[in-house]
Amino acid sequence: MTALAVERLSAWAGARRLLSDVSLTLEKNRVLAVIGPSGSGKSTFIRCLNRMHELDAGARVAGSVRVHGVEAYAEGIDPIAIRRRVGLVFQQPAVFAHLSIRDNVLVGVRLGHAAPVDADVVVERSLRRAALFDELRDRLDEPATSLSAGERQRLCIARALAVEPEILLLDEPTANLDPVATARIEGLIEELRRSCALVVVTHGMQQAIRISDDTAFLNRGVLVEHGPTTTLFSQPVQLETEEFVTGRFG
């Protein structure tokens with residue numbers, strides 16, 4: 001089943017074009033790694049997938065993004081509804097400092113649910129999916145700022161999971177973490193693929209190989225190559241891809 005279908009996606013910031021006619025698909029229960037040098041459009045690409053890019057002043061998008069067959073940019077579609085279906089976790093683990101661990105998990109649920117929810121059930125389920133509940137079960141009323149960097153990142157993932165997205169976007173989720181925390185996040189990605197599709201922006205070539213089924217290589221806003229990860233790294237079609245994955249540029 002196709003979870004995500006992107007067709008001729010382009011994006012601008014004012015007059016500057018950041019993405020040019022990007023097209024690809026992602027099946028359910030698969031992980032897509034997005035690689036490329038700094039400034040290649042990776043973060044812009046995933047922000048377009050859940051309509052976050054348009055929040056920037058002067059930003060605009062053209063093309064098609066379909067989430068399980070629903071056009072995200074169709075007239076009349078509520079962007080907030082799309083963001084509930086397509087969760088995004090940023091590189092910097094942005095916890096709400098004035099809120100407890102429990103209330104951080106519940107932020108999105110409380111904003112989006114008209115009907116009451118069982119908060120305890122949501123918190124436990126989300127933290128378990130983020131592999132955090134057992135270590136935090138007795139600390140839920142502590143401020144989120146009491147957590148380590150790795151725990152904060154997993155808390156942000158739990159917060160995104162609380163609204164039960166169909167696709168989860170992770171923008172450099174291990175960029176500022178130590179090797180132990182990085183391994184925890186990579187293990188979590190492997191677990192999460194059982195319930196949703198994931199798109200992970202990463203600068204690490206070895207990380208892309210470890211965590212992903214498919215890889216998309218972006219450069220200067222253009223999708224240079226996209227395909228199964230093992231093939232793209234071992235037998236790239238484009239010379240530009242080969243030069244990047246072997247470290248000759250980027």
Side-chain angles (χ1 to χ4, degrees), residues 30-40 42-43 45-47 52 87-105 107-108 123-162 165 167-218 229-230 232-233 244-247 250:
R30 290 179 73 85
V31 179
L32 170 69
V34 182
I35 64 173
S38 297
S40 61
K42 302 185 298 297
S43 293
F45 172 67
I46 64 168
R47 283 167 53 84
M52 288 290 288
L88 173 60
V89 177
F90 297 99
Q91 176 178 337
Q92 295 294 335
V95 300
F96 294 95
H98 63 292
L99 296 179
S100 67
I101 293 166
R102 179 198 308 275
D103 288 337
N104 263 270
V105 175
V107 165
V123 169
E124 180 172 348
R125 180 181 65 229
S126 304
L127 289 175
R128 283 195 184 281
R129 292 183 69 192
L132 265 178
F133 184 72
D134 289 340
E135 59 195 89
L136 297 183
R137 64 194 310 159
D138 298 321
R139 301 175 56 193
L140 298 180
D141 293 321
E142 293 182 15
T145 50
S146 67
L147 301 178
S148 68
E151 289 171 333
R152 291 187 193 191
Q153 189 64 288
R154 283 186 286 151
L155 178 61
C156 291
I157 293 173
R159 187 172 64 209
L161 293 173
I167 300 170
L168 186 61
L169 314 173
L170 304 176
D171 192 358
E172 292 279 0
T174 65
N176 301 306
L177 302 183
D178 61 38
V180 173
T182 294
R184 296 289 295 272
I185 296 291
E186 290 184 1
L188 177 57
I189 290 169
E190 179 64 28
E191 289 293 320
L192 292 177
R193 71 192 304 160
R194 299 177 183 179
S195 57
C196 62
L198 294 98
V199 181
V200 183
V201 171
T202 178
H203 276 294
M205 299 299 101
Q206 291 303 312
Q207 182 172 73
I209 293 169
R210 286 193 302 269
I211 67 171
S212 69
D213 304 290
D214 307 295
T215 296
F217 168 46
L218 288 172
T229 296
T230 53
L232 186 141
F233 278 92
F244 181 74
V245 300
T246 56

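- A donor-acceptor pair under 3.5 Å is formed between the side chain of Arg152 and the backbone N or O of Thr145.
- Separating the CD atom in Gln92 from the SG atom in Cys156 is a distance of 10.0 Å, to the nearest 0.5 Å.
- The OG1 atom of Thr174 sits 12.0 Å away from the CG atom of Leu188 when rounded to the nearest 0.5 Å.
- Atom OG of Ser43 and atom CZ of Phe90 lie 9.5 Å apart (nearest 0.5 Å).
- Remark: of the listed residues Leu136, Val95, Val89, Val95 is the sole one forming a side chain to side chain contact (heavy atoms under 4.5 Å, CB included) with Leu155.
- What you find for Arg210 and Glu186 is that their closest heavy atoms are NH2-OE2, 2.7 Å.
- Taking each heavy atom of Ala208 and Ser212 in turn, the nearest pair found is O-OG, 2.5 Å.
- Between Ile211 and Ile189, the closest heavy-atom pair is CD1-CD1, 4.1 Å.
- One N or O on the side chain of Lys42 and one on the backbone of Pro37 form a donor-acceptor pair closer than 3.5 Å.
- Across Val105 and Ser126, no two heavy atoms sit closer than the pair CG1-CB, 3.8 Å.
- With rounding to the nearest 0.5 Å, the separation of OG in Ser38 from NE2 in His203 is 4.0 Å.
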Test side chain to side chain contact (heavy atoms under 4.5 Å, CB included) applied to Leu192 and Ile157, step by step | CA-CA 10 Å; Leu192 292 177; Ile157 293 173; 4.1 Å; yes
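- Nearest heavy-atom pair, Ala144 versus Asn104, reported as atom, atom and distance to 0.1 Å: CB-ND2, 3.3 Å.
- Ion pairing between Glu135 and Arg184 holds under the 4.0 Å rule for side-chain N and carboxylate O.
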Using the side chain to side chain contact (heavy atoms under 4.5 Å, CB included) rule, take Leu147 and Leu132 through it: C-alpha gap first, then chi angles, then the decisive distance, then the call.
-> CA-CA 11 Å; Leu147 301 178; Leu132 265 178; 5.6 Å; no
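- The CZ atom of Phe96 lies 15.0 Å from the CD1 atom of Ile101; values are rounded to the nearest 0.5 Å.
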Stepwise side chain to side chain contact (heavy atoms under 4.5 Å, CB included) check, Ile185 with Arg154 = CA-CA 7 Å; Ile185 296 291; Arg154 283 186 286 151; 3.4 Å; yes
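- The CD atom of Gln91 lies 9.5 Å from the CG atom of Leu177; values are rounded to the nearest 0.5 Å.
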Would you please test Val34 and Leu32 for side chain to side chain contact (heavy atoms under 4.5 Å, CB included) and show each step?
-> CA-CA 6 Å; Val34 182; Leu32 170 69; 4.2 Å; yes
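- Leu127 and Ala158 make their closest contact through CD2-CB, 3.9 Å (heavy atoms, listed as atom of the first residue, atom of the second, distance).
- Between the Arg102 side chain and the Asp141 main chain, no donor and acceptor come within less than 3.5 Å of each other.
- The shortest side-chain heavy-atom distance between Arg129 and Glu191 does not fall under the 4.5 Å cut-off.
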